[in-house]
Structure formats: C-alpha cells, structure tokens
Amino acid sequence: MQSRTAADIMDSSELTLTPEIALVTAMRTLLRSKVTGAPVIDADGRICGMLTEKDCLSAVLRQAMEGAPGATVGDFMTSPAETVSPSAQLLDITRIFLSRPFRKIPVVDADGRVLGQVSRRDLLRALESDKDNPFLYGTADHTAQDTGGVHSAMQRALGKS
C-alpha cells in the first residue's frame, strides 16, 4: 500500500471550471457530468479553488434568501483548495479524507497545475484491490485462491472461510 501514490489512482479526465463561469452553468455541468465537485483553475491552469455540491447548495440558499443574480463560480468556490502532489501516498490521502468533509482532492504539480483528482471511491477501489494490503488481508502472503477481495478477507478474519 505504501508504494502506490495519487498519480497511480487519480482520474485525469474529470472536468475543471474557471472562476468566471456562471454558477448556474457550473451546477448544470456538475449534474450532467455526475461529479460531486470540480477544481477551479485560472488561465494558466493553476488551481484557485474547488466548487462542490455543498458550495452550490450554499449559493442556492443565498440566492433564495438575498437574491444574488449573476453569481459566478468564483463567488462561491472554496478557496484555497486542499490539494495533494502526484507522489502523495495512499495512506496520507486516506488521512486527509478522514479529517476533512470533502469527497475529492485535486492532484497538482509543483506549479499548482491540476493533473487530476482522487475521490474517496478511487481510494477505496485502490485499497480493496491491493492484495498486499496488510490492513485488509492481515498478511502480504496470498495464494491464487485468495481472490475474493475485502469480503473474503473479512470472512477469513472471522473464521468463517
């Protein structure tokens, strides 16, 4: 588990937004893309924030209560966004997810340019598929018959295999 990094599991195909986009357009984009959030980047591709479903809900509430026509992504994005480097270890990413409420973390290079994102689900898939994960399987020594994933590991741990 320690050898795998954000670069190994990140999704580099997810969308990005810019601060100038109308908020209603960004919300539609998130919904149509079936994603819970997207990094907000400047003209040079550097991260300047993150727009999440929670940010959108906050915007909708504020618009309903105060009337905020013409809102943009930049008005409601979370900034600065928490990020990780491509070399961030999976265990460190796990700790971030456990200590923060968000579901995705942008992966950025040394210049702050977005390379991809890691979601909680990406991380769970990577951890579950790692047959050498001693936290799930108890040992790094597995036989070919040991292919059932987390369920079979839990069954073995409970003595029900």
Side-chain angles (χ1 to χ4, degrees), residues 1-60 72-142 146-154:
M1 183 164 110
Q2 285 298 326
S3 63
R4 296 188 68 195
T5 64
D8 296 327
I9 68 168
M10 71 181 184
D11 184 346
S12 57
S13 66
E14 290 204 29
L15 68 100
T16 58
L17 302 168
T18 61
E20 303 80 23
I21 295 174
L23 187 64
V24 67
T25 301
M27 289 188 326
R28 285 184 186 129
T29 301
L30 292 177
L31 290 169
R32 287 185 182 133
S33 300
K34 297 180 182 178
V35 296
T36 60
V40 182
I41 59 171
D42 64 16
D44 294 322
R46 290 185 179 91
I47 192 156
C48 56
M50 186 82 175
L51 185 73
T52 66
E53 291 171 327
K54 185 176 179 180
D55 297 323
C56 293
L57 289 172
S58 174
V60 169
T72 65
V73 168
D75 296 330
F76 288 95
M77 69 183 182
T78 299
S79 182
E82 178 130 6
T83 63
V84 295
S85 73
S87 62
Q89 299 291 311
L90 298 191
L91 189 57
D92 295 327
I93 297 169
T94 301
R95 287 183 182 121
I96 292 170
F97 277 129
L98 290 173
S99 66
R100 309 289 195 296
F102 42 77
R103 296 176 180 168
K104 293 183 177 208
I105 302 174
V107 180
V108 299
D109 66 14
D111 294 324
R113 287 187 180 84
V114 176
L115 303 172
Q117 293 186 80
V118 173
S119 69
R120 290 179 186 173
R121 183 161 293 171
D122 296 332
L123 184 58
L124 281 173
R125 276 190 201 114
L127 296 174
E128 190 278 332
S129 69
D130 191 351
K131 296 299 182 194
D132 292 332
N133 184 339
F135 301 103
L136 293 178
Y137 296 101
T139 179
D141 183 25
H142 296 285
D146 200 16
T147 60
V150 173
H151 178 72
S152 65
M154 297 304 288

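Residues take their numbers from the sequence shown, with the count starting at 1.
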Backbone N or O of [Y] within a donor-acceptor pair of the [X] side chain at under 3.5 Å?
{"X": "Ser99", "Y": "Ile96", "answer": "yes"}
{"X": "Thr83", "Y": "Pro106", "answer": "no"}
{"X": "Arg103", "Y": "Thr36", "answer": "no"}
{"X": "Thr29", "Y": "Thr25", "answer": "yes"}
{"X": "Asp44", "Y": "Arg46", "answer": "no"}
{"X": "Ser79", "Y": "Cys48", "answer": "yes"}

*Report the C-alpha separation of Val114 and Val108 in whole Å, then their side-chain angles, then the decisive distance to 0.1 Å, and conclude whether the side-chain contact (heavy atoms from CB on, under 4.5 Å) test is met.*
CA-CA 4 Å; Val114 176; Val108 299; 4.2 Å; yes
Which heavy-atom pair separates [X] from [Y] by the least distance, and what is that distance?
{"X": "Leu15", "Y": "Ala38", "result": "CD1-CB, 3.4 Å"}
{"X": "Thr18", "Y": "Val40", "result": "C-CG1, 3.7 Å"}
{"X": "Ala26", "Y": "Leu51", "result": "CB-CD2, 3.7 Å"}
{"X": "Arg4", "Y": "Ala126", "result": "NH1-O, 3.2 Å"}
{"X": "Ser85", "Y": "Val107", "result": "C-CG1, 3.9 Å"}

For [X], is the [atom1] atom crowded, meaning more than 12 foreign heavy atoms sit under 6.0 Å from it?
{"X": "Arg120", "atom1": "CZ", "value": "yes"}
{"X": "Arg32", "atom1": "CZ", "value": "no"}
{"X": "Arg121", "atom1": "CZ", "value": "no"}

In Å and rounded to the nearest 0.5 Å, what is the [atom1] to [atom2] distance from [X] to [Y]?
{"X": "Thr16", "Y": "Ile47", "atom1": "OG1", "atom2": "CD1", "result": "9.5 Å"}
{"X": "Asp42", "Y": "Arg113", "atom1": "CG", "atom2": "CZ", "result": "8.5 Å"}
{"X": "Ser58", "Y": "Asp75", "atom1": "OG", "atom2": "CG", "result": "11.0 Å"}
{"X": "Ile21", "Y": "Met27", "atom1": "CD1", "atom2": "CE", "result": "13.0 Å"}
{"X": "Asp122", "Y": "Phe97", "atom1": "CG", "atom2": "CZ", "result": "8.0 Å"}
{"X": "Asp92", "Y": "Thr5", "atom1": "CG", "atom2": "OG1", "result": "11.0 Å"}

*Is there side-chain contact between Phe102 and Met50, with heavy atoms separated by less than 4.5 Å?*
no
_Criterion side-chain contact (heavy atoms from CB on, under 4.5 Å) on Val35 and Lys104, from CA distance to verdict_ = CA-CA 10 Å; Val35 296; Lys104 293 183 177 208; 3.7 Å; yes
*Between Ile9, Leu91, Leu90, which is the residue that forms a side chain to side chain contact (heavy atoms under 4.5 Å, CB included) with Leu127?*
Leu90
*Could you walk me through whether Met10 and Val118 pass the side-chain contact (heavy atoms from CB on, under 4.5 Å) check?*
CA-CA 5 Å; Met10 71 181 184; Val118 173; 3.9 Å; yes
*Side-chain donor-acceptor pair under 3.5 Å between Asp55 and Thr52, yes or no?*
yes
